[in-house]
Structures are given as C-alpha cells and as structure tokens.
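Numbers here simply count residues along the sequence, with the first being 1.
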Amino acid sequence: MLTTEMNNPFDISQKIAVVTGGSGVLGGAIAQHFVESGAKVCILGRSGDKVKSTVSSLSETGQAIGFACDVLDEQHLREVKNEVVQEFGSIDFLINAAGGNIPGASVGPDQTIFDLHIEDFKKVTDLNFTGTVLPSLVFGEAMTQKGTGSIVNYSSMAATQAISRGVGYSAAKSAVENFTRWMAMEMALKFGDGIRVNAVSPGFFITHQNRALLTKEDGSFTERAQTVINKTPMRRFGKAHELNGAIHWLCSPAASFVTGAVIPVDGGFGSYSGV
C-alpha cells in the first residue's frame, strides 16, 4: 500500500507554518496559500495592526495566528516559538519572508558608492541577513525535536548580479544564499535528512516598498522599471502568488531530497544577458 506521502507527495495539510514578514505582499501571499492548502499558519510582522488584519483575513479560510514581532529580537522570537508549539504542537515550516531596503543603503543615480550611509547599510544587512539567521536558529531548533522540517529563505536576483543602486540589499541577499547552503549542510550532517533548508530567488515583483521606484502616479512604468522589463524575457513583473508553487514544493515531501538549493522565480531575468 502506498504511504500518504507517496500517494500525494505535495500534501501539506495539517502542517504548521511560521511566516516572517507574513503581513507583507510576498509573505502574505504564501501565508494565504498555506491556509488554502490546509496548513495552520503563524505570521510575524512588525506592525501589530497589519498582523491583526492579515490574521483576520487568513482565518476566513483556515487556522491562523499572528504576532507583532521584530525578527531581530531573539528573546521575543523564542517566546513566539513557545506559543506556536503550545498552540499547534510543533513547527513544520519556516518561511523567512521578512526583508526590505531603505534609501540610505542604496546608491542613487547622482551618487557614488562613497555616498553610502554605513549605518543604513548595517540596518538593511541586519534586517535581511540577520533577520533570516535568527528565526532559522530559533524555529529550526524546534524542528530538531522531531527530526523533520523545511526552512525556505528569500534570496533575490540581486544576490548574484550587480544590480545598480541596492548595494546593502544585494550584499545581504548574497549572505542569505551562503547561509542557506551552510545551514542545509549543518542540519543534514548533524540532525539527519529530515530537516531541509532551501531558498527561492525572486526576480522583480512590485511590492509596497518598491512601488514608487517602479511605477509612476498614473500606474505607468518608470525608466528603471522598463529597464527591468527589458532584461526579463517574459517581459513583465512577477505576481506574488507565482512564488507559491516553488515554496510549496520545497516544503512538501515531493522535495525530500532537495536541500541547499536556491530556486530562481524570475521570468528568466537571471538567465538572460540582455543581448
């Protein structure tokens, strides 16, 4: 007789997922996908109001809880971990979707790298890199209690290519990719083959943070947005839900032999030279 996993290797129903940045555009999309797939979801976000609103929306479909929590606050993360385990019994998935950028960590078109604000650079690398490492350590440790689990980090096309302006963001995402491979090795060698660590590498998606950079008030594309489109063979931006399939697969038994991988979801951006 086929086991449930062999019969339906993409089944994630009744699994417990923690999504950092779960009240944002991309994190919210995967949280919604998880509850629609029968998983139980806990979202983390810095804004209590946004977390409350997102949980209310998710709860219309399935089971969801949320916490206003800074991913750089290790003590609070541990408290949240304990509450999730108490509420749901365990933790199966961690999706590290928290991240972002600020102007001071970027180099504007009329600036050089010597205009970089190092304090803003540190804030961006902390949010994107340390804000991935800390939840991975806290919630990953909970996964070792039963020997199974899946962590999915968010990298970026900016990790492997020199994309103008966002130097802090690029550096942080490069570090995320390296950490993904390192933690994948560490978990497999010391805790067995049941805990996997992978990443998705989104191309360009329009979110709350970059909307003003990519679109004008009338909704048309800015010059920078058109440059991105010209470098993307599919000739469009991604839609938030288009990351869900890759993440679902990485969390499911169908990807049981996949760890340390970084999966591009970018409309061909990373494979196209532009000529």
Side-chain angles (χ1 to χ4, degrees), residues 12-48 50-59 61-99 127-154 176 179-180 183-184 187 191 194-200 240 243-244 246-252 255 259:
I12 61 169
S13 60
Q14 301 305 308
K15 298 296 185 179
I16 316 304
V18 174
V19 183
T20 72
S23 56
V25 173
L26 301 185
I30 189 59
Q32 182 66 44
H33 174 81
F34 277 150
V35 295
E36 291 175 353
S37 300
K40 302 171 185 178
V41 175
C42 169
I43 66 166
L44 278 62
R46 285 189 290 187
S47 168
K50 287 185 178 179
V51 168
K52 184 177 180 180
S53 175
T54 303
V55 168
S56 177
S57 177
L58 294 173
S59 297
T61 305
Q63 287 186 260
I65 59 175
F67 298 90
C69 180
D70 187 337
V71 290
L72 298 176
D73 186 340
E74 182 177 359
Q75 180 58 40
H76 197 184
L77 286 171
R78 293 193 180 279
E79 292 170 2
V80 168
K81 177 199 70 173
N82 292 337
E83 292 197 45
V84 174
V85 171
Q86 183 176 358
E87 176 75 17
F88 292 137
S90 64
I91 297 170
D92 297 296
F93 312 145
L94 169 65
I95 312 301
N96 280 310
L127 173 60
N128 291 279
F129 179 46
T130 309
T132 293
V133 173
L134 279 177
S136 296
L137 298 181
V138 170
F139 294 102
E141 186 177 28
M143 294 176 184
T144 65
Q145 302 305 310
K146 64 175 185 176
T148 60
S150 175
I151 297 173
V152 180
N153 299 324
Y154 278 56
V176 167
F179 177 75
T180 297
M183 191 170 183
M187 299 304 278
F191 297 97
I195 302 175
R196 299 175 295 104
V197 186
N198 295 287
V200 290
L243 286 165
N244 297 345
I247 296 171
H248 184 130
W249 169 64
L250 289 172
C251 289
S252 75
T259 198

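- Considering all non-hydrogen atoms of both residues, V84 and C42 come closest at CG2-SG, 3.6 Å.
- Put simply, the side chain of D92 gets close to the backbone of I16: a donor and an acceptor are under 3.5 Å apart.
- Between A98 and T20 the shortest heavy-atom distance is N-OG1, 3.2 Å.
- The two residues V138 and K81 come nearest to each other via the heavy atoms O-CD, 3.3 Å.
- Rounding to the nearest 0.5 angstrom, the gap separating the CG atom in L26 from the CD1 atom in I95 is 12.5 Å.
- Contact of the M187 side chain with the R196 side chain is not registered, since no non-hydrogen atoms from C-beta on lie closer than 4.5 Å.
- Using a distance-only test at 3.5 Å, with no hydrogens or angles considered, no donor-acceptor pair links the side chain of S53 to the main chain of K50.
- Between F34 and F93, a ring centre-to-centre spacing shorter than 6.0 Å is recorded.
- The only option from Q32, H33, E36 that meets the side chain to side chain donor-acceptor pair (under 3.5 Å) definition with T61 turns out to be Q32.
- Listed by chain and number, the residues in a side-chain contact (heavy atoms from CB on, under 4.5 Å) with T148 are K146 (sequence neighbours excluded).
- Rounding to the nearest 0.5 Å places CG of N96 at 11.5 Å from CZ of F129.
- Rounding to the nearest 0.5 Å places CD of Q14 at 10.0 Å from CZ of F88.
- The two residues A68 and H76 come nearest to each other via the heavy atoms O-CE1, 3.1 Å.
- Between A142 and I91, the shortest heavy-atom distance links the atoms CB-CD1, 4.1 Å.
- Sorted by first and then second residue, the side-chain hydrogen bond (donor to acceptor under 3.5 Å, both in side chains) pairs involving residues 38-47 (not counting sequence neighbours) form an empty list.
- With sequence neighbours excluded, the residues that form a side-chain contact (heavy atoms from CB on, under 4.5 Å) with T54 are S23, I43, L58.
- Contact record, M143 with L94: CE-N, 3.6 Å, taken as the closest heavy-atom pair.
- Once rounded to the nearest 0.5 Å, the distance linking CG of L44 with SG of C69 reads 4.5 Å.
- Using a 3.5 Å distance cut-off with no hydrogens or angles, the side chains of T132 and N153 do not pair a donor with an acceptor.
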